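No experiment lies behind these values; they were computed from the predicted model shown. Order of appearance sets the numbers: ligands from 1, and atoms from 1 within every ligand.
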Amino acid sequence: MAIWAIVPAAGSGRRMQSTAPKQYLDLDGEPVLLHTLRRLAELDGLQGIVLVLRENDQWWSSMAAEATGLPIPLMICEGGEERFQSVSNGLAALEDRATDEDWVLVHDAARPCVRVTDMLRLVDVAGSHASGGILATPVRDTLKRGDASHGILHTVDRSDLWSAQTPQMFRHGRLREALRLACQGDRAVTDEASAMELAGHAPLLVMGSADNIKVTWPGDLLLARLVLQAQRQESESTPGRVYASTE
Ligand code: CTP
Ligand code: MG
């Protein structure tokens, strides 16, 4: 089966409050985005990556040479105002190359610590399910619903709650159609799975790892650095077991 990746990297990183968008911030000597692309490029059998950049992106050029040197074809297209528009543009950029039946892995530029073993599990499990699937982890904290003044209203049952991560993997044709439908409604679509759900599909939750963090707030860069360090140590101490899952 043919698998492609789409990496939405057209966000402005408001919550990060930095001058450059978070995907271009330094993480262990390289931009966050380069780490992310390297991880995807390690996935055996990936046909190519569509990288979605913001209009007039002024940072990409400084890392373009290194990224295009990765051993995988890289296509670039322009993003939109909202994430789902960026992903839709990425899907459109694949239209000439991918069939409706091909699989697409959508992965946030801001998740540089994703484990290759987790992506392999996703491809294996979601790739045998008609509606695809997403990496996710069971919610670990006790959850509270609060009111406007931060008083606790009640405790939410977390037994069947999961935190959605990326990559999220769907058939190219189905995802394109789901995003087209989502675009017409006024429901919030914060990930591709929500668009698939709204279109009546039930993608699978595939166990991921808690260290697949999304760099979102200022302190997250330090956290990502520690994760990369720990993953390096882990693969050194168990040769051949690269970035194995924590399960
Ligand atoms: N993204 C995108 N196009 C958009 C918005 C987001 O391609 N219009 C991408 C981001 O670059 C990021 C991923 O989607 O890699 C996840 O989004 P998020 O973490 O929300 O990033 P930002 O939107 O950049 O951050 P913020 O919400 O804090 O502004
Ligand atoms: Mg955002």
Inset, instruction - Consider only side-chain heavy atoms of I, L, V, M, F, W and Y, link residues closer than 4.5 Å, and tell whether Val7 and Ile72 are in one cluster. - result: yes
Inset, instruction - Could you tell me if any non-hydrogen atom of Asp108 lies under 4.0 Å from any atom of ligand 1? - result: yes
Inset, instruction - For Ala110, counting its heavy atoms only, list the atoms of ligand 1 lying under 4.0 Å from any of them. - result: 15 (O)
Inset, instruction - Around atom 7 (O) of ligand 1, find the nearest protein heavy atom and jot down its residue, atom name and distance. - result: Ala10 N, 2.8 Å
Legend entry - Passing option when Val32 is tested against Cys113, Pro112, Pro21 for side-chain contact (heavy atoms from CB on, under 4.5 Å): Pro112
Legend entry - Heteroatom proximity flag, Met16 to ligand 1, N/O under 3.5 Å: no
Legend entry - Residues, nucleotides or ligands: over 12 heavy atoms within 6.0 Å of Asp44 CG: no
Inset, instruction - Identify the protein heavy atom lying closest to atom 11 (O) of ligand 1, giving its residue, its atom name and the separation to 0.1 Å. - result: Gly11 N, 3.0 Å
Inset, instruction - With side chain to side chain donor-acceptor pair (under 3.5 Å) as the test, would you mind laying out the steps for Ser86 and Asn89 before giving the verdict? - result: CA-CA 5 Å; Ser86 296; Asn89 291 359; 5.9 Å; no
Legend entry - Sole residue of Thr166, Val125, Val114 in side-chain contact (heavy atoms from CB on, under 4.5 Å) with Leu135: Val114
Legend entry - Single hit among Gln168, Gln165, Arg121 for side-chain contact (heavy atoms from CB on, under 4.5 Å) with Val206: Arg121
Legend entry - Heavy atom of the protein closest to atom 29 (O) of ligand 1 (residue, atom name, distance): Arg14 N, 2.7 Å
Inset, instruction - Do me a favour and list the nearest non-hydrogen protein atom to atom 27 (O) of ligand 1 with residue, atom name and distance? - result: Arg15 NH2, 2.9 Å
Inset, instruction - Taking only heavy atoms of Glu81 into account, list the atoms of ligand 1 that are under 4.0 Å away from them. - result: 8 (N)
Inset, instruction - Using a strict cut-off of less than 4.0 Å between a Lys/Arg side-chain nitrogen and an Asp/Glu carboxylate oxygen, indicate whether Asp220 and Arg15 qualify as a salt bridge. - result: no
Legend entry - Min heavy-atom dist Lys22 to ligand 1 below 4.0 Å: yes
Legend entry - ILVMFWY cluster, Met169 and Leu204 together (side-chain gap under 4.5 Å): yes
Legend entry - Part of Glu82 within contact of ligand 1 (heavy atoms, under 4.0 Å): backbone
Inset, instruction - Report the part of Lys214 in contact with ligand 1, treating N, CA, C, O as backbone and CB onward as side chain, heavy atoms under 4.0 Å; options are side chain, backbone, both, neither. - result: side chain
Inset, instruction - Salt-bridge test for Arg97 and Asp102: reply yes if a basic N is under 4.0 Å from a carboxylate O, no otherwise. - result: no
Inset, instruction - Kindly identify the option in Ser12, Ser86, Gly13 whose heavy atom sits closest to atom 3 (N) of ligand 1. - result: Ser86
Inset, instruction - Check whether any side-chain N or O of Arg174 sits under 3.5 Å from a backbone N or O of Ala130 as a donor-acceptor pair, and report yes or no. - result: yes
Legend entry - Nearest-neighbour protein heavy atom for atom 15 (O) of ligand 1, which is reported as residue plus atom name and distance: Pro8 O, 2.9 Å
Inset, instruction - Using a strict cut-off of 4.0 Å, indicate which atoms of ligand 1 neighbour a heavy atom of Gly80. - result: 4 (C), 8 (N)
Legend entry - Interfacing atoms of ligand 1 (cut-off 4.0 Å, heavy-atom, Ala109): 15 (O)
